[in-house]
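Written out below as C-alpha coordinates is the structure these notes cover.
Numbering starts at 1 and runs along the sequence shown. Worth saying up front: this structure is predicted, and the values here are computed from it rather than measured. One-based numbering, in listed order, for ligands and for the atoms of each.
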Amino acid sequence: MEAFPATPFAEEGLEEFRPGSDKGKSSKGGGFQSMGLSQAVFRSIMRKGYRVPTPIQRRAIPPLLNGSDVVAMARTGSGKTAAFLIPLFEKLKEHSTTVGIRAVVISPTRELALQTQKFCKELSHFISPPLRFCLLVGGDSVEDQFELLAANPDVLIATPGRMQHILLDAQLSLGRVEYVVFDEADRLFEMGFATQLHTILATMPSGRQTALFSATMPGLLADFTR
Ligand code: AMP
(Lines give C-alpha, C1' and ligand atoms only; values in the text may rest on other atoms or scores of the structure.)
Protein backbone atom coordinates (compact mmCIF):
# COMPACT_ATOMS: atom_id res chain seq x y z
CA MET A 1 0.00 0.00 0.00
CA GLU A 2 1.49 3.29 -1.03
CA ALA A 3 1.80 6.16 1.36
CA PHE A 4 2.69 9.68 0.32
CA PRO A 5 5.33 10.80 2.80
CA ALA A 6 5.79 14.15 1.02
CA THR A 7 2.50 15.39 2.40
CA PRO A 8 2.39 17.12 5.79
CA PHE A 9 0.07 14.56 7.36
CA ALA A 10 1.59 11.26 6.28
CA GLU A 11 2.01 9.51 9.62
CA GLU A 12 3.29 6.12 10.51
CA GLY A 13 0.35 3.78 10.78
CA LEU A 14 -1.84 5.93 8.58
CA GLU A 15 -2.36 5.36 4.88
CA GLU A 16 -3.20 8.12 2.47
CA PHE A 17 -4.80 7.71 -0.94
CA ARG A 18 -5.28 10.04 -3.83
CA PRO A 19 -7.92 9.30 -6.44
CA GLY A 20 -6.61 9.65 -9.94
CA SER A 21 -3.11 8.53 -9.05
CA ASP A 22 -1.71 5.84 -11.32
CA LYS A 23 -0.63 3.84 -8.31
CA GLY A 24 -3.11 1.17 -7.36
CA LYS A 25 -4.60 0.93 -10.84
CA SER A 26 -3.11 -2.47 -11.37
CA SER A 27 -5.20 -4.49 -13.77
CA LYS A 28 -4.64 -7.78 -11.96
CA GLY A 29 -6.23 -8.77 -8.71
CA GLY A 30 -7.98 -5.46 -8.15
CA GLY A 31 -11.62 -6.59 -8.28
CA PHE A 32 -14.15 -6.90 -5.47
CA GLN A 33 -13.91 -10.69 -5.86
CA SER A 34 -10.22 -10.64 -4.88
CA MET A 35 -10.78 -8.66 -1.66
CA GLY A 36 -11.82 -11.66 0.42
CA LEU A 37 -15.28 -10.25 1.15
CA SER A 38 -18.05 -12.30 2.73
CA GLN A 39 -20.76 -13.65 0.45
CA ALA A 40 -23.37 -11.33 1.99
CA VAL A 41 -21.35 -8.18 1.35
CA PHE A 42 -20.14 -9.26 -2.08
CA ARG A 43 -23.66 -10.10 -3.22
CA SER A 44 -24.94 -6.77 -1.89
CA ILE A 45 -22.26 -4.92 -3.89
CA MET A 46 -23.21 -6.85 -7.04
CA ARG A 47 -26.89 -6.17 -6.42
CA LYS A 48 -26.09 -2.45 -6.25
CA GLY A 49 -24.53 -2.83 -9.70
CA TYR A 50 -20.90 -2.13 -8.82
CA ARG A 51 -18.74 -4.36 -11.00
CA VAL A 52 -15.28 -2.83 -10.63
CA PRO A 53 -13.94 -0.96 -7.57
CA THR A 54 -13.15 2.72 -8.08
CA PRO A 55 -9.52 3.77 -7.44
CA ILE A 56 -10.29 4.94 -3.91
CA GLN A 57 -12.06 1.66 -3.16
CA ARG A 58 -9.19 -0.39 -4.56
CA ARG A 59 -6.75 1.44 -2.35
CA ALA A 60 -8.69 2.09 0.85
CA ILE A 61 -10.66 -1.15 1.29
CA PRO A 62 -7.73 -3.60 1.71
CA PRO A 63 -5.96 -1.70 4.55
CA LEU A 64 -9.29 -1.01 6.25
CA LEU A 65 -10.09 -4.74 6.05
CA ASN A 66 -6.68 -5.37 7.66
CA GLY A 67 -7.59 -3.15 10.57
CA SER A 68 -5.38 -0.15 9.68
CA ASP A 69 -6.40 3.43 10.26
CA VAL A 70 -6.78 5.19 6.92
CA VAL A 71 -6.64 8.82 5.82
CA ALA A 72 -8.02 9.12 2.31
CA MET A 73 -8.14 12.07 -0.02
CA ALA A 74 -11.45 11.58 -1.80
CA ARG A 75 -14.19 13.77 -3.18
CA THR A 76 -17.87 13.11 -3.58
CA GLY A 77 -18.28 11.03 -6.72
CA SER A 78 -15.12 8.97 -6.10
CA GLY A 79 -17.00 6.07 -4.52
CA LYS A 80 -15.72 6.98 -1.03
CA THR A 81 -18.91 5.95 0.77
CA ALA A 82 -18.62 2.31 -0.28
CA ALA A 83 -14.87 2.51 0.42
CA PHE A 84 -15.54 2.98 4.14
CA LEU A 85 -18.84 1.07 4.40
CA ILE A 86 -17.67 -2.23 2.89
CA PRO A 87 -14.94 -2.71 5.57
CA LEU A 88 -17.40 -1.52 8.22
CA PHE A 89 -19.82 -4.31 7.27
CA GLU A 90 -17.03 -6.87 7.22
CA LYS A 91 -15.95 -5.80 10.69
CA LEU A 92 -19.44 -5.85 12.21
CA LYS A 93 -20.58 -8.96 10.26
CA GLU A 94 -24.22 -8.98 11.46
CA HIS A 95 -26.55 -7.48 14.05
CA SER A 96 -25.32 -7.99 17.61
CA THR A 97 -27.84 -8.59 20.37
CA THR A 98 -25.33 -7.28 22.89
CA VAL A 99 -26.31 -3.67 23.49
CA GLY A 100 -23.94 -1.03 22.17
CA ILE A 101 -23.11 0.94 19.04
CA ARG A 102 -20.13 -0.62 17.27
CA ALA A 103 -19.60 1.78 14.38
CA VAL A 104 -20.10 5.52 13.89
CA VAL A 105 -20.12 7.54 10.68
CA ILE A 106 -19.87 11.30 11.27
CA SER A 107 -21.12 13.48 8.41
CA PRO A 108 -21.05 17.27 8.11
CA THR A 109 -24.64 17.62 6.88
CA ARG A 110 -28.04 16.07 7.25
CA GLU A 111 -28.21 15.45 3.48
CA LEU A 112 -24.92 13.55 3.42
CA ALA A 113 -25.96 11.52 6.48
CA LEU A 114 -29.25 10.58 4.81
CA GLN A 115 -27.40 9.55 1.67
CA THR A 116 -24.99 7.42 3.74
CA GLN A 117 -27.88 5.72 5.50
CA LYS A 118 -29.35 4.83 2.11
CA PHE A 119 -26.01 3.31 1.01
CA CYS A 120 -25.83 1.44 4.33
CA LYS A 121 -29.15 -0.27 3.70
CA GLU A 122 -28.33 -1.10 0.09
CA LEU A 123 -24.77 -2.33 0.62
CA SER A 124 -25.75 -4.51 3.59
CA HIS A 125 -28.83 -5.92 1.87
CA PHE A 126 -27.92 -9.60 2.26
CA ILE A 127 -26.44 -9.37 5.77
CA SER A 128 -28.47 -11.49 8.17
CA PRO A 129 -29.51 -10.87 10.89
CA PRO A 130 -29.67 -7.38 9.32
CA LEU A 131 -27.50 -4.65 10.77
CA ARG A 132 -29.47 -1.86 12.44
CA PHE A 133 -28.74 1.76 11.59
CA CYS A 134 -29.62 4.85 13.55
CA LEU A 135 -29.61 8.32 12.01
CA LEU A 136 -29.02 11.25 14.38
CA VAL A 137 -29.34 14.53 12.50
CA GLY A 138 -30.63 17.98 13.22
CA GLY A 139 -34.14 18.71 12.05
CA ASP A 140 -35.58 15.34 13.18
CA SER A 141 -37.38 14.98 16.49
CA VAL A 142 -35.07 14.20 19.41
CA GLU A 143 -37.76 11.93 20.92
CA ASP A 144 -37.88 9.83 17.75
CA GLN A 145 -34.10 9.57 17.83
CA PHE A 146 -34.17 8.35 21.44
CA GLU A 147 -36.57 5.62 20.27
CA LEU A 148 -34.20 4.64 17.45
CA LEU A 149 -31.39 4.37 19.97
CA ALA A 150 -33.51 2.13 22.17
CA ALA A 151 -33.73 -0.40 19.28
CA ASN A 152 -30.08 -1.40 19.84
CA PRO A 153 -28.53 -0.08 16.60
CA ASP A 154 -25.17 -1.40 15.42
CA VAL A 155 -24.25 1.69 13.40
CA LEU A 156 -24.79 5.35 14.14
CA ILE A 157 -24.81 7.87 11.29
CA ALA A 158 -24.78 11.35 12.71
CA THR A 159 -24.02 15.02 12.36
CA PRO A 160 -21.71 16.22 15.18
CA GLY A 161 -24.03 18.80 16.75
CA ARG A 162 -27.00 16.45 17.20
CA MET A 163 -24.75 13.59 18.19
CA GLN A 164 -23.09 15.54 20.98
CA HIS A 165 -26.51 16.74 22.18
CA ILE A 166 -27.83 13.16 22.35
CA LEU A 167 -24.59 11.88 23.89
CA LEU A 168 -25.18 14.19 26.81
CA ASP A 169 -28.98 13.97 27.06
CA ALA A 170 -29.37 10.22 26.53
CA GLN A 171 -26.08 9.34 28.21
CA LEU A 172 -25.33 7.44 25.05
CA SER A 173 -22.36 5.14 25.56
CA LEU A 174 -19.79 4.84 22.79
CA GLY A 175 -17.68 2.43 24.83
CA ARG A 176 -18.20 -0.45 22.35
CA VAL A 177 -17.28 1.50 19.21
CA GLU A 178 -14.82 -0.44 17.03
CA TYR A 179 -14.89 1.64 13.84
CA VAL A 180 -15.36 5.37 13.32
CA VAL A 181 -15.52 7.31 10.05
CA PHE A 182 -15.10 11.03 9.55
CA ASP A 183 -16.71 11.70 6.18
CA GLU A 184 -15.94 14.95 4.33
CA ALA A 185 -13.70 15.83 7.26
CA ASP A 186 -12.61 19.15 5.76
CA ARG A 187 -16.24 20.30 5.75
CA LEU A 188 -16.67 19.11 9.34
CA PHE A 189 -13.86 21.47 10.32
CA GLU A 190 -14.97 24.33 8.05
CA MET A 191 -18.36 24.17 9.72
CA GLY A 192 -16.72 24.64 13.13
CA PHE A 193 -17.36 21.17 14.57
CA ALA A 194 -13.81 20.70 15.96
CA THR A 195 -14.85 20.90 19.62
CA GLN A 196 -17.73 18.45 19.16
CA LEU A 197 -15.47 16.02 17.30
CA HIS A 198 -12.91 16.04 20.10
CA THR A 199 -15.65 15.53 22.70
CA ILE A 200 -17.20 12.65 20.75
CA LEU A 201 -13.83 10.96 20.11
CA ALA A 202 -12.88 11.18 23.79
CA THR A 203 -15.84 8.91 24.64
CA MET A 204 -14.73 6.11 22.30
CA PRO A 205 -12.23 3.32 23.10
CA SER A 206 -8.69 4.25 22.03
CA GLY A 207 -8.28 0.90 20.27
CA ARG A 208 -11.01 1.59 17.72
CA GLN A 209 -10.23 1.75 14.00
CA THR A 210 -10.49 5.20 12.38
CA ALA A 211 -11.10 6.18 8.76
CA LEU A 212 -10.94 9.81 7.68
CA PHE A 213 -12.08 10.87 4.22
CA SER A 214 -11.56 14.40 3.01
CA ALA A 215 -11.36 16.31 -0.28
CA THR A 216 -8.69 18.64 1.12
CA MET A 217 -6.32 18.63 4.11
CA PRO A 218 -6.19 22.08 5.74
CA GLY A 219 -3.80 22.61 8.66
CA LEU A 220 -6.39 22.24 11.40
CA LEU A 221 -7.53 18.92 9.99
CA ALA A 222 -3.95 17.68 9.59
CA ASP A 223 -3.41 18.39 13.30
CA PHE A 224 -6.61 16.54 14.20
CA THR A 225 -5.59 13.61 11.98
CA ARG A 226 -2.29 13.26 13.85
P1 AMP B 1 -19.74 8.61 -3.47
O2 AMP B 1 -18.42 9.20 -3.89
O3 AMP B 1 -19.60 7.64 -2.37
O4 AMP B 1 -20.74 9.69 -3.19
O5 AMP B 1 -20.30 7.76 -4.72
C6 AMP B 1 -20.59 8.37 -5.97
C7 AMP B 1 -21.43 7.48 -6.86
O8 AMP B 1 -20.64 6.41 -7.34
C9 AMP B 1 -22.63 6.86 -6.18
O10 AMP B 1 -23.73 6.99 -7.04
C11 AMP B 1 -22.25 5.41 -6.02
O12 AMP B 1 -23.38 4.54 -6.05
C13 AMP B 1 -21.36 5.18 -7.22
N14 AMP B 1 -20.37 4.11 -7.04
C15 AMP B 1 -19.61 3.90 -5.95
N16 AMP B 1 -18.79 2.85 -6.13
C17 AMP B 1 -19.03 2.39 -7.38
C18 AMP B 1 -18.48 1.32 -8.15
N19 AMP B 1 -17.53 0.53 -7.70
N20 AMP B 1 -18.98 1.14 -9.40
C21 AMP B 1 -19.93 1.95 -9.88
N22 AMP B 1 -20.50 2.98 -9.20
C23 AMP B 1 -20.04 3.20 -7.96
Contact summary for V104 and M163, nearest pair of heavy atoms: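 Nearest heavy atoms, V104 then M163: CG1-CE, 3.7 Å.
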Quick check: closest heavy atoms across T54 and G79, and the distance to 0.1 Å?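 In this case the closest contact between T54 and G79 is OG1-CA, 4.1 Å.
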Short N/O distance, under 3.5 Å, between [X] and ligand 1?
{"X": "Q115", "value": "no"}
{"X": "T81", "value": "yes"}
{"X": "G79", "value": "yes"}
{"X": "G49", "value": "no"}
{"X": "R51", "value": "no"}
{"X": "G77", "value": "yes"}

Is there a donor-acceptor contact under 3.5 Å from the side chain of [X] to the main chain of [Y]?
{"X": "R47", "Y": "F126", "answer": "no"}
{"X": "R132", "Y": "A151", "answer": "yes"}
{"X": "Q164", "Y": "I200", "answer": "no"}

Could you walk me through whether T109 and M191 satisfy the side-chain contact (heavy atoms from CB on, under 4.5 Å) test, starting with their C-alpha distance in whole Å, then the side-chain angles of each, then the deciding distance to 0.1 Å, before giving a yes or no? CA-CA 10 Å; T109 63; M191 292 168 78; 4.1 Å; yes
Tell me which protein heavy atom sits closest to [atom], plus the residue, atom name and distance to 0.1 Å.
{"atom": "atom 13 (C) of ligand 1", "result": "Y50 OH, 3.8 Å"}
{"atom": "atom 16 (N) of ligand 1", "result": "Q57 NE2, 2.7 Å"}
{"atom": "atom 9 (C) of ligand 1", "result": "F119 CZ, 3.7 Å"}

Would you call the rings of Y50 and F32 parallel, tilted or perpendicular if under 30° counts as parallel and over 60° as perpendicular?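 Geometry flag for F32 against Y50: parallel rings.
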Which atoms from ligand 1 have a heavy atom of V52 less than 4.0 Å away?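 Taking each heavy atom of V52 in turn, ligand 1 has 18 (C), 19 (N), 20 (N) under 4.0 Å.
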Atom indices of ligand 1, in the order listed, that fall short of 4.0 Å to a heavy atom of F32: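 Checking each atom against F32, I get 19 (N).
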With side-chain contact (heavy atoms from CB on, under 4.5 Å) as the test, would you mind laying out the steps for F193 and T159 before giving the verdict? CA-CA 9 Å; F193 285 130; T159 49; 5.5 Å; no
For atom 22 (N) of ligand 1, is some protein heavy-atom partner under 4.0 Å away?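 Yes, at least one protein heavy atom sits under 4.0 Å from atom 22 (N) of ligand 1.
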Right, does atom 11 (C) of ligand 1 have protein non-hydrogen atoms nearer than 4.0 Å?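 Answer yes: something from the protein, a heavy atom, is under 4.0 Å.
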Kindly compute the distance separating CD (E184) from OG1 (T216), expressed to the nearest 0.5 Å.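 Result: 10.0 Å between the selected atoms.
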Counting only heavy atoms, which portion of F84 has something under 4.0 Å from ligand 1: side chain, backbone, both, or neither?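 The answer is neither; F84 stays 4.0 Å or more away.
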